[in-house]
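Remarks on the structure that follows.
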Amino acid sequence: MSAETTRPEYIGSSEAMKITGFSRTTFYRRVKDGDIPCVRAIHRWIFHRETLIAWREKLLAPSRSVP
């Protein structure tokens, strides 16, 4: 089995911060503002790994301006 298949589908905040590259303060501010896709589960924020990676890629992609 590869490492990719053994990773959990849902991750916690600390791993999500590593994926996004945001500081702790920026990360939680953006979560609170609804900028980062996540779900509140009892007293925790949880993140779907693939959705978070796709969100980050979209954020980092150069914007296409229409003339």
Give a yes or no on whether Arg44 atom CZ has more than 12 heavy-atom contacts from other residues, nucleotides or ligands under 6.0 Å away. no

Hey, could you give me each pair passing ring-ring contact (aromatic ring centres under 6.0 Å, His included) that has a residue in residues 30-60? Not counting sequence neighbours.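 Matches after skipping sequence neighbours: Tyr10-His48, Phe27-Phe47.
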
Those residues that, when tested against Ser13, pass side chain to side chain donor-acceptor pair (under 3.5 Å) (two or more places apart): Tyr28

Taking only residues two or more places apart in sequence or in another chain, which ones pass side chain to side chain contact (heavy atoms under 4.5 Å, CB included) with Ser23? Thr25, Thr26

[X] [atom1] to [Y] [atom2] distance, which is reported to the nearest 0.5 Å:
X: Arg56; Y: Ile36; atom1: CZ; atom2: CD1; result: 12.0 Å
X: Asp35; Y: Thr20; atom1: CG; atom2: OG1; result: 11.5 Å
X: Ile19; Y: Ile53; atom1: CD1; atom2: CD1; result: 4.5 Å
X: Leu52; Y: Lys18; atom1: CG; atom2: NZ; result: 13.5 Å

By salt bridge (Lys or Arg N to Asp or Glu O under 4.0 Å), which residues pair with Arg29, not counting sequence neighbours? none

Check: Arg30 and Asp33 side chains under 4.5 Å, non-hydrogen atoms: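 SC-SC contact between Asp33 and Arg30 ruled out.
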
